[in-house]
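Numbers here simply count residues along the sequence, with the first being 1.
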Amino acid sequence: MTPAFFLGLFISALLWCLNVGQLDGSGNVFDYKQEIDDADPMIVQDPFLYYLDYKTVYVNCSVYGESPFEVSWLYSTDEISNRSSDYTIISGSKVSNIVYNPNSDDEGYTWWNSSLLLNPINNSTVGYYYCRVNTSFGLNYSKPVYVRKPDLPRLSSTKFNKIGDMVFGTWRVISFPLPNILISFQLLSSEPIYQKTVYNDYMTANVSNSFYSTSHNFTYVNETNVNSLTVHWSFPFHQLFSMQLIAISYDCSSQKEHYHQLYNHSGQAYASFLSLSSTERKVTFSCLCAECDGIEWRRDNVPLPKSSYGVVALKKEIWPSHSINLKHSILSTSFFDSYLYSCQPVYYQSDIFEIIPAYIDVPHAEIIKRPEASTYVPGETLTQKCSARSLYPMTVRWQKSINNLFSTIVKTDSLATEGLYNVLNSTISFNISIMTLLSFKMRCIFFTYIYFQPDNFAKAHGLYQKGLLFERPKPMTVNKITQNREMTIQCKPIVIKTLNKTSILILHRSIIYHV
């Protein structure tokens, strides 16, 4: 991810830490330079707390004044009404660590930062905590801070709704304290079928002052309670490769994020060419899906036996300490196979996402119409047609056995579609003259343009940032040539009489007879 993202995450995490303290009863922070009684130390910051990794609570209290004085911590299951009783001075196993850090300023006053770590947080540690200053002049109590038992982020419910091309989802998350939200998703690009790529992207929602701000128009997060939130999102389902819902908590002491994956979902499969071998006349297809349970190959929409291909499991790191689970399968067939192949993810969870097969076909175009052997006479117009179909873009070129055969040639190409296929029709025409050779051959060549994914597709690419999830497919051009067809020209003899009628020339092509 970009440095700006990490800066934003750090700031939001810091705010998250501070908000947790404010949400749980922290007091105000005063200017310790305000005028105070020299003999009366005061609590300049009431206890505030951080929840660390949902297991430990860090509580801090600040005291400022003239020594000597003593700082201690009090614990009670209820708010203390009579401060002379109903509390426990914290010591022993309930406190993992108590640290006093006295620092004196230029005026001789001492600043005490008193901290404690509570671990584990259970029924014996949940309650109210006070910071108390013991001086020779009496006791000074802080406001209470309430420590409640944390709740690890978990998914409470999911709901999906499909309207047109969009899927609208709602997740309800239970957690205390409330985390930041990261939706990591991988999407298929909108390029044509032969040029598709997979991109990594993300949506974030950071809590600030009890309000979630999101980074994406497709996401809205709102707090429904102190320990619950809802995540609303929408996305075009046909572009989805996979997605993950991740809750992020922040350890304020170590300044480290903790990732809690709550939900993952498989989308559409990604198919591409893995290798082409002209010597072996073999083409190998590659299919990938994420967060899926398996892959199914089909030929003309009929499932192939599982024994004809294998499926392997892979992992690819996307975020720190977070990976997506991939399934990968390859299938080989002849260069000149005439079937339509497809692959699709297999997963057992029931939801609204539709499975759209990822179609793939052999790279060579299928010839539908070829030039026909024909006979013409001078004065006629030669017209020949070629047609081919393919999943991929095509161009066509006509070839003649003799170059510069005709001065004017008209070539017309038209493109149509038949279901998933592109159909290219080409027509060539020119006039036959008495100078046209008696015979020549013609054929057409169809070029198809494909992209193949190198076999290092799982290589880390664009890690921690938006961008390609796999390597960019490489372009390749293959061709399919029709058979030569012979064109025959028949010319009638032409009789030319001289003016004096004494000589007659019979002209047949290039042979001149004197009569």
Side-chain angles (χ1 to χ4, degrees), residues 16-30 32 36-37 39-65 67-102 110-152 174-178 210 223 225-228 249-253:
W16 182 85
C17 294
L18 295 177
N19 286 330
V20 169
Q22 292 171 358
L23 286 173
D24 289 84
S26 67
N28 297 321
V29 178
F30 300 98
Y32 74 92
I36 62 174
D37 187 346
D40 188 15
M42 68 177 299
I43 298 173
V44 296
Q45 187 175 54
D46 286 313
F48 62 93
L49 58 84
Y50 303 142
Y51 283 86
L52 313 180
D53 62 27
Y54 292 91
K55 298 176 183 178
T56 306
V57 170
Y58 169 87
V59 188
N60 186 83
C61 177
S62 297
V63 180
Y64 181 76
S67 297
F69 58 83
E70 178 187 1
V71 179
S72 58
W73 288 93
L74 307 182
Y75 163 76
S76 176
T77 55
D78 300 307
E79 288 194 72
I80 302 174
S81 57
N82 181 4
R83 292 184 177 178
S84 63
S85 61
D86 300 327
Y87 64 82
T88 302
I89 299 178
I90 301 174
S91 62
S93 60
K94 290 185 179 181
V95 183
S96 296
N97 188 23
I98 297 179
V99 180
Y100 296 95
N101 294 317
T110 301
W111 180 291
W112 288 77
N113 284 320
S114 180
S115 306
L116 62 88
L117 293 175
L118 302 176
N119 187 342
I121 307 172
N122 51 33
N123 292 335
S124 64
T125 52
V126 169
Y128 294 89
Y129 288 81
Y130 296 79
C131 180
R132 185 180 69 178
V133 181
N134 303 328
T135 71
S136 58
F137 298 96
L139 300 175
N140 189 357
Y141 293 86
S142 71
K143 293 180 180 178
V145 61
Y146 182 71
V147 173
R148 62 173 291 169
K149 189 175 181 180
D151 199 355
L152 278 171
I174 303 297
S175 175
F176 184 83
L178 294 177
S210 304
E223 177 183 341
N225 205 332
V226 292
N227 66 337
S228 67
S249 60
Y250 194 77
D251 188 330
C252 304
S253 61

Any donor-acceptor N or O pair under 3.5 Å, side chains Ser175, Tyr54: yes
Steps toward side-chain contact (heavy atoms from CB on, under 4.5 Å) verdict (Tyr130, Tyr128): CA-CA 7 Å; Tyr130 296 79; Tyr128 294 89; 4.0 Å; yes
Nearest non-hydrogen partners of Lys149 and Val126, listed with the distance: N-CG2, 3.6 Å
Exercise: identify the closest heavy-atom pair between Thr56 and Ile121: C-CD1, 3.8 Å
Nearest heavy-atom neighbours spanning Asp46 and Lys143: OD1-N, 3.0 Å
For the student: nearest non-hydrogen atoms of Pro47 and Tyr129, plus distance: CG-O, 4.4 Å
Rounded distance (nearest 0.5 Å) linking atom CG of Leu178 with atom OG of Ser228: 7.0 Å
Contacts of Asp151 that satisfy side chain to side chain donor-acceptor pair (under 3.5 Å) - sequence neighbours left out: Arg154
Rounded distance (nearest 0.5 Å) linking atom CG of Asn60 with atom CG of Leu117: 10.5 Å
Close side-chain approach of Tyr51 and Ser249, heavy atoms under 4.5 Å: no
Side chain to side chain donor-acceptor pair (under 3.5 Å) between Asn122 and Ser124, worked out: CA-CA 5 Å; Asn122 51 33; Ser124 64; 2.6 Å; yes
Interatomic distance, Tyr58 atom OH to Leu118 atom CG [nearest 0.5 angstrom]: 12.0 Å
Residues forming a side chain to side chain contact (heavy atoms under 4.5 Å, CB included) with Asn123, sequence neighbours excluded: none
